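Naming: A, B, ... by sequence-line order, numbering from 1 per chain. This structure is a prediction, so every number in the text was calculated from the model and none was measured.
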Amino acid sequence: MNIRFEAELKNAVAAALQQLFNQSVRPESVVFQETKREFEGDVTLVVFPYAKPAGMAPEGCGNMLGEALLREKHLIARFNVVKGFLNLVIAPEFWWRYYRHLAHDIRTLFDPATNPFLSPPQKLMVEYSSPNTNKPLHLGHIRNNLLGYSVAAVLKAAGNDVVKVNLVNDRGIHICKSMLAWKKFGHGETPASTGLKGDHLVGKYYVIYDKKFKEQVEALVQDGVGKEEAEKQAPLTLEIQDMLRAWEAGDPETLALWKTMNGWVYDGFAVTYKNLGVDFDKMYYESETYLLGKKLVDEGLEKGVFFRKEDGSVWVDLTDVGLDQKVVLRADGTSVYITQDLGTAQLRFDEFAALSRLVYVVGNEQDYHFKVLKEIFRKMGRPWADGIYHLSYGMVDLPSGKMKSREGTVVDADDLIHEIVEEAEMATKALGKIDDFDNEEARQLYHDLGLGALKYFILKVDPKKRMLFNPAESIDLNGNTGPFIQYTYARIRSVLRKGATLQLNASEETMDYTMSAAERSLVKLLYTYPQVIADAANALSPSLVAAHVYDLAKAFNHFYHDHVIVDDQSPAISAFRLKLAGMVAETLKEGTRLLGINVPERM
RNA sequence: GGUCCCGUAGCUCAACUGGAUAGAGCAUCUGCCUUCUAAGCAGACGGUUUCGCGUUCGAGUCGCGACGGGAUCACCA
């Protein structure tokens, strides 16, 4: 007998439709929805689509279907019809059977092999983070990193083989700006000499470059030079171009400086990544990949996908698919951004055989770019072109609007992490529940809680949507938040510790007992978990996991409020409730793990 | 201007391929800690889903239009 009812119930509906109304529908096409809270039932069948061809009123149709399904005695206990909605009450024995199944080993709930909703496993790559090495990470990067990490975790939980990669933008004119400014105005400063985090030190010189450059332009404009011309003539413009040329020519002194300063940045990033809890299986550096792609340009020319203009530049014409003409190689033969991306995509599909999907976690400001990238590969006849997927997430706005570095409204990643952890510390100390923790334990807890709050806050929002972050109000620790879920976990662990003193054993679980509504709803939420994982993997949306984990925590607290779990007067019921609570805890832990959130034993 | 995305309670967000009386949290107000963690629970208040027309048995969801917001249209990355 199947441990899940979906397939059986769908078959039963299809059979009943055939028998009652001579309608043939495929069982897979039958869909149930969760019954609304105000009606009795577990699942609901919308009968409108079947009533019409049957030439019946929806109510009558619903009643006839209900009667027919009632014959599945072991599955359906009773039903009711409201308008065109057939609400089915799943038999209590079913929930008991499912509970026992999970109680035997809760890990099966998280095992892709036993999840019937998943599509076949694939080899996937997720690219995320992809920072520039000229300034520290900010709030926008935080959303990117948290999303990329979580999406990869969800895809893995859905049974896929996932490679996490990071493509570091470590070269180019913008990198040279920090280098040049440091060289000219840095007086040999280092992270060690200043106590500054490496990425912040380099970012400081990026800002200095910009400032000095503007001063030079302004001076020229005062002398009557036009603005555009002034920008071209500015001494820094000439110097920076020299530096880029020197870098590309392999000038030892320039390369040495580049390595040193990038090293500082990587040390800084490593700290931020560690704090965020994100990691990568493979790093790509643009300094190593920026020359790739030129071969593809040649190939495209041969195939007639690209064409060369008189000045020597190479273009692709995408007007037939509603896009424009785009440059893929400059007149001087050097690469543009998309040339590199063509190269790295090809490289990855070459390196990882059987890679069926390459997911780019990149902001929606690059929607157009990725349309072009994908379309070029289509035109070049790459069979994997459709596997290129741009996970386009919305920008993070501040109450004042978009973050603007020039206006100093950028929310720095390290600052934000520091503040939220500090806030978690204050809230925890105010409650005074962990006074016996040593320093290290306490520090770890504050970190987990602060990051739990931050991660949940960001990941609960649908990736596609832009979101608003208000630094002044910061992040709540109550209500629909990470710490709420962490709290629920810690609360369960606490009950389990108490329960352990009772020395119950599982055989005392009873079947005579009728589950309360709250208990049944917990079992049902566990039952739904595999479906949620499948949905989240399909949609590449951790927010679905976040929502479910929240529902589960909420339902547990409701249950907790009006049930006594550990009661030495009724060992059988205690055993059942402890087991159930334990399963909820494990599911909270697993779900939050997919969001990159740690749950504490105590808080 | 062309193309694309978005508009849901005062605020931040939900609502699976169109389904029932659009749900949570925050904020405001009420109750509940000498019993397993009150970062909790229960309740109240709060909506013409920006507006209009259309398709449908049924529209926050689909189509058209208006209004409002954003992104993008570089031999930048």
Among the candidates [options], find the nucleotide nearest to the side-chain atoms of [X].
X	options	result
A:L544	B:rA14, B:rC36, B:rA15	B:rA15
A:V564	B:rG40, B:rA77, B:rC36	B:rC36
A:Y487	B:rA39, B:rA15, B:rA24	B:rA39
A:N557	B:rA71, B:rU37, B:rG40	B:rG40
A:E38	B:rC13, B:rU21, B:rG19	B:rU21
A:R491	B:rC41, B:rA15, B:rA38	B:rA38
A:Y368	B:rG40, B:rU17, B:rU72	B:rU72
A:L468	B:rC36, B:rU12, B:rA20	B:rU12
A:N478	B:rC57, B:rA77, B:rG40	B:rG40
A:V336	B:rA39, B:rA77, B:rC73	B:rA77

[N] phosphate, OP1 or OP2, under 4.0 Å from [X] side-chain N/O:
X	N	answer
A:R37	B:rA15	no
A:R330	B:rC76	yes
A:K465	B:rA14	yes
A:R466	B:rU12	no
A:K83	B:rA20	no
A:K460	B:rA24	no
A:H558	B:rA42	yes
A:K554	B:rG25	yes

Going by modelled atom types, is there a donor-acceptor pair between the base of B:rA20 and the side chain of A:T44 at under 3.5 Å? yes
With a 3.5 Å cut-off and heavy atoms only, can you find an N or O donor on one side and an acceptor on the other between the side chain of A:T488 and the base of B:rA39? no
Pairwise [atom1] distance, [M] and [N] [rounded to whole Å]:
N	M	atom1	value
B:rC53	B:rG40	C1'	49 Å
B:rC26	B:rA9	C1'	12 Å
B:rG19	B:rA38	C1'	39 Å
B:rG7	B:rC13	P	11 Å
B:rG60	B:rU55	P	16 Å
B:rC32	B:rC51	P	41 Å
B:rC33	B:rA42	P	16 Å
B:rC4	B:rG23	C1'	30 Å

For atom [atom1] of [X] and atom [atom2] of [N], their distance in whole Å:
X	N	atom1	atom2	answer
A:E231	B:rA74	CD	C1'	14 Å
A:E28	B:rU17	CD	C1'	15 Å
A:L318	B:rG2	CG	P	21 Å
A:E473	B:rG25	CD	C1'	13 Å
A:D462	B:rC16	CG	P	11 Å
A:K433	B:rC36	NZ	C1'	13 Å
A:F85	B:rC57	CZ	P	15 Å
A:I565	B:rG40	CD1	P	17 Å

Counting the atoms with a prime plus P, OP1 and OP2 as sugar-phosphate, which does [X] contact under 4.0 Å by heavy atoms, base, sugar-phosphate, or nothing?
X	answer
A:H563	base
A:E423	nothing
A:V461	sugar-phosphate
A:K52	sugar-phosphate
A:M603	base
A:F48	base
A:P399	nothing
A:D535	nothing
A:A490	base

For A:D42 and A:T35, does a side-chain donor sit closer than 3.5 Å to a side-chain acceptor?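 No - no donor-acceptor pair under 3.5 Å links their side chains.
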Looking only at side-chain N and O atoms, does A:S392 offer a donor or acceptor that is under 3.5 Å from a partner on A:D367? yes
Side chains of [X] and [Y]: does their closest heavy-atom pair fall under 4.5 Å?
X	Y	answer
A:V599	A:L588	no
A:F5	A:V43	yes
A:V461	A:R143	yes
A:F484	A:N557	yes

A:R4 to A:Y527, cation-pi by 6.0 Å centre distance and 45° axis angle: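 Relative to the ring axis of A:Y527, which defines the angle, A:R4 lies inside both limits.
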Using Watson-Crick or G-U wobble geometry with both distances below 3.5 Å, tell me the partner of [N], or none.
N	answer
B:rA9	none
B:rC64	B:rG52
B:rC32	B:rG40
B:rU17	none
B:rU3	B:rA71

Let me confirm one number: the CZ-CD distance from A:F117 to A:Q531, rounded to the nearest 0.5 Å.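 Here the rounded value is 4.5 Å.
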Using the rule for Phe, Tyr, His and the six-membered ring of Trp, do A:Y550 and B:rA24 stack at under 5.5 Å and under 30°?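 Whether judged by distance or by angle, A:Y550 falls short somewhere, so it does not stack on the base of B:rA24.
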With nearest nucleotides of RNA chain B determined for A:E34 and A:S335 from heavy-atom distances, which residue corresponds to the more 5′ nucleotide?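 In this pair, the answer is A:E34.
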Smallest separation among heavy atoms of A:F437 and A:L445, with atom names: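 A:F437 and A:L445 have their closest heavy atoms at CE2-CD2, 4.1 Å.
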Mind running ring-ring contact (aromatic ring centres under 6.0 Å, His included) on A:Y290 and A:W247 for me, showing each step along the way? CA-CA 13 Å; A:Y290 80 107; A:W247 185 91; 5.7 Å; yes
